[in-house]
Structure formats: structure tokens, C-alpha cells
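Report on one structure; see the data block that follows.
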Amino acid sequence: VAPQNTSAPRVPPTTNPALAYTNRTPAKYTPKDFIFGKVIGEGSFGTVYLAKDIHTGKEHAIKVCDKRHIIKEKKTEYVTREKEVLNMLAGAKHSFVRLYCTFQDIDRLYFVLSYAKNGELLPYINKVGSFDIECTKFYSAEILRGLEYLHGLGIIHRDLKPENILLDEKMHVLITDFGCTKILKEPEVPLNENETHVRERKNSFVGTAQYLSPEILTDRNASRSSDLWAFGCIIYQMVAGLPPFRARNDYMIFQKIQKLDYEVPDGFSEMAKSLVEQLLVLDPTQRLGAQDEHGAGYPSIRAHPFFEGVDFETLHEQTPPPIY
Ligand SMILES: Nc1ncnc2c1ncn2[C@@H]1O[C@H](COP(=O)(O)OP(=O)(O)OP(=O)(O)O)[C@@H](O)[C@H]1O
Ligand SMILES: O=C(O)[C@@H]1CCC(=O)N(CCc2ccc(Cl)cc2)[C@H]1c1ccccc1Cl
């Protein structure tokens with residue numbers, strides 16, 4: 001008998017299909033309510049499986065995290081933060097991976113998520129080399145919609161990058177990976193004029209080198225504007241095919257970021273260049289959108305000529321432009 005593969009969850013014997021799709025979903029789910037399929041991804045704390053809910057027949061991505069590993073890496077807070085933020089996003093009608101339910105067994109935590117059938121945005125950028133202007137406008141606009149919603153709730157993503165922009169079966173954006181987020185506790189007393197965010201204790205490094213804003217690198221203080229920097233990096237990457245700050249190692253990338261050392265290649269759309277240059281600004285308060293009133297979206301970014309003709313309110317009902 002094959003040794004019980006401890007890494008995979010105990011998969012129940014295939015249930016009698018006649019009993020499936022009963023549409024009587026249980027009050028509290030357990031692994032037995034799913035038929036686990038292929039592995040669709042490996043994260044730092046767990047494995048993501050494609051799984052089918054035997055009651056509804058619905059496909060889900062189930063992120064299975066190993067408790068021992070989380071404890072060893074001292075990342076319990078990261079996991080509980082991810083769950084907290086995913087619950088806060090339950091009301092969003094668009095732009096985010098949804099959390100349907102969670103459960104646990106003695107060794108693992110399970111997150112039942114919406115299945116982003118078309119995976120990550122990054123391979124699409126790499127496959128075509130760079131997006132045409134219609135694709136860049138559409139996908140930038142969908143990401144902006146997500147940031148407006150997230151920032152409206154006082155949540156900073158802090159690790160926005162193409163790998164964390166997933167795509168559903170209709171190729172619409174589903175932002176994911178909320179373990180690095182920071183939830184702003186809006187201060188009771190108004191901050192003094194040179195403070196734009198609640199001071200946070202110096203916690204460990206978060207985020208991926210290439211998309212980190214200078215203020216996270218220097219004083220470790222993230223604000224909504226830190227996500228606007230990453231947004232600028234992603235727009236640049238959609239047009240140029242590579243992120244703006246590139247080097248052999250993280251330290252050299254950090255140097256380039258802090259010196260704003262990046263080039264705009266020939267042929268880069270002038271409109272996109274203008275928008276990227278207004279987002280990749282060292283002073284977080286001077287980035288386009290940083291002065292917009294919190295909780296009311298980013299009118300100054302929506303108004304940029306780059307987004308000319310984009311109807312932001314109906315994006316999720318539009319058919320995404322083909323990527324070729
Ligand atoms: N809801 C989902 N639908 C489809 N694929 C997913 C989904 N969630 C995650 N994945 C895939 O599984 C991979 C691992 O996801 P996970 O969030 O666990 O790890 P990660 O975010 O890459 O790692 P880390 O937690 O260190 O950021 C992702 O790279 C992604 O491609
Ligand atoms: O936050 C919650 O909703 C519950 C509360 C009850 C509970 O025990 N957990 C698990 C807490 C936890 C977190 C990390 C490790 Cl390594 C072990 C247990 C939480 C939990 C359960 C299932 C999936 C994720 C989480 Cl955070």
C-alpha cells in the first residue's frame with residue numbers, strides 16, 4: 001500500500017456521484033466535502049489545489065497551509081491577516097479572489113477560494129512580450145478599480161506584482177495574496193501635517209524587491225501611495241515587457257529604486273510614459289492620486305489622458321480585449 005502521502009490532505013474516497021450536487025451545502029465544511037484535483041500552485045506556506053465542491057459541483061482553488069511550517073516560519077500573523085482581509089473583501093463584486101470558507105484539521109488550514117482559471121497575469125506579459133495599448137489600458141484600469149476598493153477600506157496591499165494579479169475564466173482581474181497587507185487603523189486624532197500614515201512598528205521586510213517603493217525600503221513605512229508606486233511599475237511592465245528597476249540582485253535593485261534609475265525604451269507609448277512618470281515619484285505624497293481624498297477612488301488617475309475613453313464603472317461587464 002502506498003505510504004500515506006502526508007503532504008496531501010487525506011482525500012476521501014470518491015463519493016457516489018448520485019449523492020453529489022445535492023446543493024445542500026453543510027454549515028461547516030471539511031475536506032470531505034471536496035474532491036481534490038491537481039496542484040495549481042505552490043506558495044511559501046502551502047499548496048493550492050483545484051477542488052470540486054461535491055454538493056454544488058463548483059470548482060474552487062483550495063489553499064492548504066501546513067501549520068507546522070507556518071509556526072516554524074513565525075508567520076501565523078501573515079495567515080490570520082490574509083483571512084481577515086479576504087473576509088473584508090467579501091462584499092466586493094469584482095477585482096478580488098473571493099474566500100468562500102475556511103476550515104482546519106490537526107495539521108492544516110484550508111482556504112476555499114474562487115478559482116482563477118487563467119492563472120497569473122505575468123505569463124501573458126512574457127508570452128506576448130508587451131501588451132498593446134488597449135490591453136494595457138483595460139488591465140491597468142481593472143487593477144486601479146481594485147486598488148480604489150482596497151484603499152477605500154484602508155487596506156494597503158504592499159506586495160502588488162503581476163504574479164499576484166490573477167485572471168478568471170473571462171480574463172478579468174482577480175487580485176490575490178493578502179498576507180503582506182497592512183490595515184490602516186484610521187487615527188482618532190488627525191495626523192500632523194508631515195505624517196501621512198499611522199506609524200507602524202518596524203516589522204519584517206515585506207514585498208518583492210522589484211515593485212517596492214522607496215519609502216518601504218528606507219523608513220519601512222507603507223501608505224496607500226506605496227501601492228500606487230507598484231501600480232506604476234506594473235503599467236511600465238505591461239508596455240515594456242519587463243519591470244522598470246532590474247538588476248542582478250535585490251541590493252542593486254534597491255539602489256536603482258532609491259535613485260529612480262530607470263529608462264523608458266523607445267516606442268513606449270507617450271501617454272503611458274506620462275502616467276508612469278507621475279506614479280514613479282520618490283516622494284509618496286507627490287505621486288498621482290496621493291492627494292485624492294481617501295475613500296473616494298482615484299479621480300486624478302482616472303482623469304489622466306492615458307485612460308481616455310475607459311468606462312471604469314462597467315469594466316467587469318466588458319469583454320476584456322484579446323491579448324496577442
Ligand atoms: N485562487 C486561485 N486560483 C488559481 N490559482 C491560484 C489561486 N491562488 C493561488 N493560485 C496559484 O497558486 C500559487 C501559490 O499561491 P499562494 O498564494 O499560496 O502563494 P504565493 O502567493 O505565490 O506565495 P506567498 O504566499 O509567498 O506570496 C500562486 O502563484 C498562484 O499561481
Ligand atoms: O481566524 C479564524 O477564523 C480561525 C479562528 C480559529 C482558529 O483556530 N484558526 C486557526 C488559527 C491558526 C493559525 C495559524 C496556525 Cl499555524 C494554526 C492555527 C483560524 C483559522 C481557521 C481556518 C483557516 C484559517 C484560520 Cl486563520
Side-chain angles (χ1 to χ4, degrees), residues 7-9 26-34 36-53 58-90 92 94-127 146 156-183 204-212 227 230 234 250:
S7 63
K28 192 61 191 151
Y29 269 86
T30 75
K32 292 183 175 51
D33 293 303
F34 297 92
F36 281 79
K38 64 176 181 176
V39 170
I40 43 181
E42 294 286 351
S44 36
F45 301 108
T47 304
V48 183
Y49 294 88
L50 177 58
K52 181 169 277 194
D53 178 329
K58 215 164 153 4
E59 278 187 324
H60 287 286
I62 302 190
K63 184 165 173 172
V64 184
C65 301
D66 180 87
K67 288 182 182 177
R68 271 186 301 278
H69 182 53
I70 294 170
I71 292 167
K72 187 159 60 63
E73 301 293 314
K74 299 185 177 45
K75 291 281 184 173
T76 307
E77 188 190 338
Y78 176 105
V79 161
T80 46
R81 173 75 49 75
E82 177 151 45
K83 174 166 185 192
E84 184 185 0
V85 170
L86 282 166
N87 281 337
M88 290 169 75
L89 297 173
H94 52 77
S95 310
F96 302 98
V97 162
R98 267 198 60 191
L99 177 64
Y100 287 84
C101 68
T102 58
F103 45 86
Q104 58 180 314
D105 59 28
I106 190 73
D107 302 316
R108 304 172 185 88
L109 302 174
Y110 298 79
F111 295 80
V112 180
L113 302 157
S114 34
Y115 172 41
K117 212 176 179 79
N118 281 301
E120 299 172 9
L121 177 68
L122 184 64
Y124 289 88
I125 301 175
N126 296 338
K127 186 173 70 177
I156 308 170
H157 189 285
R158 295 204 295 190
D159 192 19
L160 207 60
K161 54 185 177 179
E163 296 90 321
N164 288 336
I165 310 283
L166 303 186
L167 298 161
D168 70 12
E169 61 185 339
K170 293 183 180 165
M171 289 299 281
H172 283 283
V173 156
L174 293 175
I175 299 173
T176 188
D177 206 355
F178 300 96
C180 289
T181 51
K182 177 176 163 199
I183 303 170
S204 61
F205 166 92
V206 289
T208 307
Q210 283 151 319
Y211 305 86
L212 283 182
D227 285 343
I234 294 171
D250 282 357

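Computed from heavy atoms alone, side chains included, the values below leave out hydrogens, waters and symmetry copies. Just follow the structure's listing: the first ligand is 1, and inside any ligand the first atom is 1.
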Original post:
Cation over ring, Arg98 on Phe96, under 6.0 Å and within 45°?
Top reply: no
Original post:
When rounded to the nearest 0.5 angstrom, what is the spacing between CG in Leu212 and CZ in Arg158?
Top reply: 10.5 Å
Subject >> Polar atom proximity, Ala116 to ligand 1 (N or O, under 3.5 Å) >> reply: yes
Subject >> Per-atom contacts, ligand 1 versus Ala61 - under 4.0 Å to a heavy atom >> reply: 1 (N), 2 (C), 3 (N)
Subject >> Over 12 non-hydrogen atoms of neighbours within 6.0 angstrom of NZ in Lys28 >> reply: yes
Original post:
With respect to atom 25 (O) of ligand 1, which of Phe178, Tyr78, Tyr115, Phe45 exhibits the smallest heavy-atom separation?
Top reply: Tyr78
Original post:
When only distance counts, is Asn164 in polar contact with ligand 1, meaning an N/O pair under 3.5 Å?
Top reply: no
Original post:
Quick one: does atom 5 (C) of ligand 2 have a protein heavy atom under 4.0 Å from it?
Top reply: no
Original post:
Where is the nearest protein heavy atom to atom 10 (N) of ligand 1: which residue, which atom, and how far?
Top reply: Val48 CG1, 4.1 Å
Original post:
Backbone, side chain, both or neither: what part of Glu163 comes under 4.0 angstrom of ligand 1, heavy atoms only?
Top reply: neither
Subject >> For atom 9 (N) of ligand 2, closest protein heavy-atom neighbour >> reply: Gln104 NE2, 3.6 Å
**OP:** Specify whether His60 and Phe34 have parallel, tilted or perpendicular ring planes, treating 30° as the upper limit for parallel and 60° as the lower limit for perpendicular.
**Re:** perpendicular
**OP:** Taking the side chain as every heavy atom from C-beta outward, state whether Asn118 and Tyr124 have any atom pair closer than 4.5 Å.
**Re:** yes
Original post:
How about Phe103 and Pro31: do any of their side-chain heavy atoms sit closer than 4.5 Å?
Top reply: yes
**OP:** Name the closest protein heavy atom to atom 23 (C) of ligand 2, giving the residue it belongs to and the distance to 0.1 Å.
**Re:** Thr102 CB, 3.5 Å
**OP:** Decide yes or no for Thr80 and Glu84: does some side-chain heavy atom of the first lie under 4.5 Å from some side-chain heavy atom of the second?
**Re:** no
Subject >> Residue Ile70 vicinity, atoms of ligand 2 by number, heavy atom under 4.0 Å >> reply: 16 (Cl)
Original post:
Between Asp53 and Val112, is any pair of side-chain heavy atoms under 4.5 Å apart?
Top reply: no
Original post:
Under the 3.5 angstrom rule, does the side chain of His157 hit a backbone N or O of Ile175 as a donor-acceptor pair?
Top reply: no
**OP:** Report yes if some N/O of Lys83 lies less than 3.5 Å from some N/O of ligand 2; otherwise report no.
**Re:** yes
**OP:** State the atoms of ligand 2, each with its element, that fall below the 4.0 Å cut-off from a heavy-atom position in Ile71.
**Re:** 16 (Cl)
**OP:** Determine whether the aromatic ring centres of Tyr100 and Phe111 lie less than 6.0 Å apart.
**Re:** no
Original post:
Salt bridge check: are Asp168 and Lys117 linked by an N-O gap of less than 4.0 Å?
Top reply: no
Subject >> Distance from atom 26 (O) of ligand 1 to nearest protein heavy atom, with residue and atom >> reply: Ser44 OG, 2.2 Å
Subject >> Ligand-residue contact atoms, ligand 1 with Glu120, heavy atoms, under 4.0 Å >> reply: 28 (C), 29 (O), 30 (C), 31 (O)
**OP:** Please examine the side chains of Pro162 and Ile234, heavy atoms only from C-beta on, and report whether any two atoms are closer than 4.5 Å.
**Re:** yes
Original post:
How far is atom 5 (N) of ligand 1 from its nearest protein heavy atom, and which residue and atom is that?
Top reply: Ile40 CD1, 3.9 Å
Subject >> Region of Leu166 that comes within reach of ligand 1 [heavy atoms, distance under 4.0 Å] >> reply: side chain
Original post:
Below 3.5 angstrom, do we get any N/O pair linking Asp177 and ligand 1?
Top reply: yes
Original post:
Out of Glu42, Lys161, Lys63, Lys75, who gets a non-hydrogen atom closest to atom 16 (P) of ligand 1?
Top reply: Lys63
Subject >> Flag side-chain contact, heavy atom, 4.5 Å: Leu113 against Lys63 >> reply: yes
Original post:
To the nearest 0.1 Å, how far is atom 24 (C) of ligand 2 from its closest protein heavy atom, and which atom is that?
Top reply: Phe111 CZ, 3.7 Å
Subject >> Region of Phe103 that comes within reach of ligand 2 [heavy atoms, distance under 4.0 Å] >> reply: backbone
Subject >> Any protein heavy atom < 4.0 Å from atom 11 (C) of ligand 2 >> reply: no
Original post:
Quick check: does Thr80 get an N/O under 3.5 Å from an N/O on ligand 2?
Top reply: no
Subject >> Proximity to ligand 1 by part of Cys180, non-hydrogen separation under 4.0 Å >> reply: neither
Original post:
What is the nearest protein non-hydrogen atom to atom 1 (N) of ligand 1, stated with its residue, atom name and distance?
Top reply: Ser114 O, 2.8 Å
Subject >> Enumerated ligand 2 atoms positioned under 4.0 Å from heavy atoms of Thr76 >> reply: 13 (C), 14 (C)
Subject >> Lys67 contact mode with ligand 2 (heavy-atom cut-off under 4.0 Å) >> reply: both
Subject >> Heavy-atom proximity to atom 22 (O) of ligand 1, best of Gly43, Gly119, Cys65 >> reply: Gly43
Original post:
Taking the six-membered ring for Trp, are the ring centroids of Tyr110 and Tyr29 within less than 6.0 Å of each other?
Top reply: no
**OP:** Tell me which protein heavy atom sits closest to atom 13 (C) of ligand 1, plus the residue, atom name and distance to 0.1 Å.
**Re:** Gly41 CA, 3.7 Å
**OP:** Mark whether atom 2 (C) of ligand 2 lies under 4.0 angstrom from at least one protein heavy atom.
**Re:** yes
Original post:
Would a 4.5 Å heavy-atom cut-off, applied to side chains only, mark Leu109 and Thr102 as touching?
Top reply: no
**OP:** Kindly indicate whether the side chain of Glu163, heavy atoms from C-beta on, has any atom under 4.5 Å from the side chain of Leu121.
**Re:** no
Original post:
For the side chain of Asp227 and the backbone of Leu160, is there at least one donor-acceptor N/O pair under 3.5 Å apart?
Top reply: no
